[in-house]
Each structure stands twice: as structure tokens, then as C-alpha cells.
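Order of appearance sets the numbers: ligands from 1, and atoms from 1 within every ligand. In this text the structure is predicted, and so the values were computed from the model without any measurement.
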Amino acid sequence: MRTPYIEIDLNKIAHNASRIKEMWGEVGIEVMGIDKVNLGEAHIAQTLVDAGISLLGDSRIEDIIRMKKAGVDATFCLIRTPFLSDVKRVVRYVDISLNTEFVVIKALNKEAIKQKKKHQVILMVEMGDRREGILPEHLHDNVEKILRLPNIELIGIGANFACFGGIKPNQEKMNHLSLLADMIEQQFSIKLSIISGGNSANFIWLQENGRPGRVNNVRLGESIFLGVETLYRHKIEGLYQDAFKIVAEVIEAKRKPSLPNGEMALNAFGEIPHFEDRGIIPRVILGLGREDVAIDGLTPQIDVDILGGSSDHMILDAKQSGLKVGDTVTFSPNYSALLSAMTSPFIHKKFKSQVLELL
Ligand SMILES: *Cc1c(COP(=O)(O)O)cnc(C)c1O
């Protein structure tokens with residue numbers, strides 16, 4: 001196998017997906033699987049569908065098109081507000097979109113009329129995290145205008161937390177979202193079928209016996225793929241944290257001084273580097289750099305220290321590992337390292353699905 005590569009364990013992803021679906025299902029909440037971190041990789045998307053998650057969300061329309069073309073049979077939701085310049089593709093390829101701008105919804109309606117289709121819309125409400133969303137006090141006016149558009153179906157409302165402002169999705173926020181859903185339904189005599197309460201940051205609320213009220217949907221990515229909630233990156237019990245592994249190869253292994261030698265200036269990234277004097281150490285260079293993956297998000301699975309990296313190299317203190325040229329080192333990625341690995345043209349993908357050892 002050429003290196004560097006990412007090993008993707010589809011069985012572990014399947015396990016996480018079905019366990020998560022069960023956990024939320026117990027309180028009547030459906031899971032939308034968010035696949036954006038994987039660039040709409042079809043094997044992974046199909047794994048979610050096979051695990052019973054048939055509503056898939058992605059922020060990129062290109063990913064949705066890729067999944068559809070690969071034959072993934074799911075309902076697809078575009079989770080980033082559609083671009084006004086891209087409504088044609090949105091109507092053509094996407095079943096549901098999350099929206100916050102009436103001009104865009106109006107353009108979607110016009111395009112849907114042209115394509116003789118209905119387009120489903122979930123309105124995002126801004127509830128404190130200060131990223132996307134309509135302020136609650138403007139919801140009524142927006143809904144009123146949307147309901148006049150013949151080819152738009154308003155199917156729900158949603159909110160996003162802990163993404164920009166770091167605001168927790170707690171019981172108070174969920175109650176508020178439920179209340180807004182009730183109000184819209186009463187004021188306009190309609191039924192909203194999706195009340196989407198958040199993302200992988202909502203696990204702690206669930207684990208603290210959150211009362212869903214009207215919330216019946218969550219949009220989950222990181223928790224399915226990395227087995228953690230995202231408020232504190234705590235492990236979720238019963239899930240695998242190692243469905244993805246990044247493997248790199250040793251291209252140089254020598255004993256060298258731990259300190260640079262010469263007159264110090266800026267390094268390749270415009271920083272003045274600082275080094276600890278560890279004497280002569282076994283220094284290992286891996287063929288993996290910042291051009292391949294966000295190396296700051298990698299944790300080695302053996303006892304070595306990452307000293308730093310440049311575009312093409314990662315430098316390790318190999319300690320007692322005995323690493324030599326041609327050996328490989330395995331890392332577990334955090335979400336940003338995973339994102340960068342899955343979108344990198346330099347990281348090969350290796351799929352693994354074998355009989356699982358029991359947790
Ligand atoms: C990325 C994203 C999610 C999923 O977030 P995770 O932390 O990966 O669960 C949910 N909703 C929206 C709008 C997103 O952009």
C-alpha cells in the first residue's frame with residue numbers, strides 16, 4: 001500500500017451509526033447523518049444508509065451529486081444555505097435545504113416552478129450561537145411570505161449550536177425551539193414535520209435526560225465518525241473512536257541533536273521556532289506534511305513525540321520506538337485532521353471491513 005493513507009473501518013462506522021440511531025431513537029429523535037467531512041464518499045454514505053440512517057445532510061452540493069451518482073439511496077439535505085447563484089443545482093439534486101434568506105427561497109421557488117418540482121425547506125432559527133439563522137422575532141414574517149410560494153414546502157425549523165459562538169444546546173434552548181414550532185403551527189394552521197435541534201454538541205443534553213419536547217431530529221457528523229460529543233470532546237460510551245486511522249511512512253531515521261545549529265530566523269511558516277534541549281535523539285522524518293493533512297490534529301498511536309512539521313515532512317522524537325526507514329506510524333485524527341485527510345489528493349483511502357472484535 002502506498003503511503004500516506006487513511007484506513008477507514010466501515011464496520012466501526014456502521015456500529016457507531018446504528019448505536020447512535022438507537023440512542024436518539026429511544027427519545028423519538030431521528031438522526032440526519034452529516035457526511036461533509038468525508039467529501040460525500042459513497043462507501044461511507046452507503047454504510048450510514050445500511051445502518052438505518054436514510055436522511056443524509058451535506059454542506060456541499062458537489063458531495064450530494066457525487067453520492068447520488070454513486071447510487072446512494074437516501075433523502076439528501078443541503079445543510080448550508082444555498083447560494084443564490086446555485087439554485088438550479090439545488091432544486092435539481094437536493095430534496096431538502098436549510099435556509100435563512102427569503103431572497104434565496106424565492107429564487108428556489110422560481111426555479112422549482114421551472115423544473116416542475118417541489119422543493120422542501122427547513123428554516124434555520126438563530127438561537128444564540130450567532131452563526132446562521134433567522135432571529136426568532138422575524139420568524140413569523142418569513143413564514144408568512146414562504147407559505148405564499150407555490151413550489152416550496154416548509155417542512156420544519158432547526159437551530160445550530162456550539163459552532164461559532166460556543167453556545168450550549170441546553171434544555172432552555174430546546175424548549176424555546178419547541179415553543180417556536182408550536183407557535184408557527186398555531187398561527188398558520190400548518191404542521192412542521194422536522195424540528196432539528198442541533199448537532200453532535202447535543203449529546204450531553206441527551207445524556208442528562210433531556211426532554212425533547214417537539215425536537216425530533218438532530219444532524220450528526222463527528223459523533224458518528226469519531227465517537228465523541230463535541231462540547232468537550234468526551235468519548236461516547238459504546239462507540240468506537242478509531243474508525244479512521246492515518247498511516248505515514250518513515251523516510252529518514254538518524255540520531256541527531258535535538259537543537260538546531262546556527263543563526264535563528266523565521267521558519268517556513270513565518271514563526272520563530274522553540275526547541276527543548278534533549279541532547280542527541282533518534283530523529284525520524286515521516287513522509288507526511290501540512291500539504292497532506294492538518295498535522296496538528298494527529299495523535300500518534302505509539303510512544304513518540306511530534307516535534308513539528310513542514311509542508312512535506314513531520315519530525316518525530318522516535319524515543320524508544322526503534323523506528324527505521326520503511327516502517328509506518330499510525331495516527332488517530334481529530335475532526336479537522338480527518339477533514340483535511342479526506343479532502344486531500346495525497347492521502348490514499350483504504351477501506352477495511354472485517355469481523356469486529358467486541359467492544
Ligand atoms: C457540520 C454541521 C452539522 C454536523 O456537525 P457535527 O458536529 O459534525 O455533528 C450539523 N448542522 C450543520 C448546519 C452543520 O454545518
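The ligand atoms of ligand 1 that sit less than 4.0 angstrom from a heavy atom of Arg131 are 13 (C), 14 (C), 15 (O). Close approach of ligand 1 to Leu220 (heavy-atom distance below 4.0 Å) involves ligand atoms 9 (O). With ligand atoms numbered from 1 in the order given, ligand 1 contributes 2 (C), 12 (C), 13 (C), 14 (C), 15 (O) to contacts under 4.0 Å with heavy atoms of Ile79. Near Gly221, the atoms of ligand 1 lying under 4.0 angstrom from a non-hydrogen atom of the residue are 6 (P), 8 (O), 9 (O).
Looking from atom 4 (C) of ligand 1 to the surrounding protein, the closest heavy atom is Arg219 O, 3.7 Å. Looking at atom 9 (O) of ligand 1, its nearest protein heavy atom turns out to be Ser200 OG, 2.5 Å. Among protein heavy atoms, the minimum distance from atom 8 (O) of ligand 1 is reached at Glu222 N, 2.8 Å. At the shortest separation from atom 5 (O) of ligand 1 among protein heavy atoms lies Asn199 CB, 3.6 Å.
When non-hydrogen atoms are compared, ligand 1 lies under 4.0 Å from neither the backbone nor the side chain of Met32. With a 4.0 Å cut-off on non-hydrogen atoms, Asn160 touches ligand 1 through its side chain and not its backbone.
Using the six-membered ring where Trp is involved, His43 and Phe351 have ring planes that are tilted, between 30° and 60° apart.
Listed by chain and residue number, Val49, Asp50, Val72 satisfy the side chain to side chain contact (heavy atoms under 4.5 Å, CB included) test with Gln46 (two or more places apart in sequence, or in another chain).
Here the shortest heavy-atom pairing between Ala243 and Phe225 reads CB-O, 3.8 Å. Looking at every heavy atom in both residues, Leu56 comes nearest to Ile53 through CD2-O, 3.9 Å.
Residue Tyr335 places a heavy atom under 4.0 Å from ligand 1.
The neighbour count for Lys168 NZ, taken as heavy atoms of other residues, nucleotides or ligands under 6.0 Å away, does not exceed 12. Around atom CZ of Phe164, no more than 12 heavy atoms belonging to other residues, nucleotides or ligands sit under 6.0 Å away. Within a 6.0 Å radius of CG in Asp277, more than 12 heavy atoms belonging to other residues, nucleotides or ligands are found.
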Using a 3.5 Å cut-off and no angle test, enumerate the donor-acceptor pairs between side-chain atoms of residues 133-151 and protein atoms at least two apart in sequence or in another chain.
{"residue": "Asn142", "atom": "ND2", "partner": "His138", "partner atom": "O", "Å": "2.8"}
{"residue": "Asn151", "atom": "ND2", "partner": "Lys117", "partner atom": "O", "Å": "2.9"}

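With distances taken over non-hydrogen atoms, the option nearest atom 13 (C) of ligand 1 out of Glu229, Glu132, Lys36 is Glu132.
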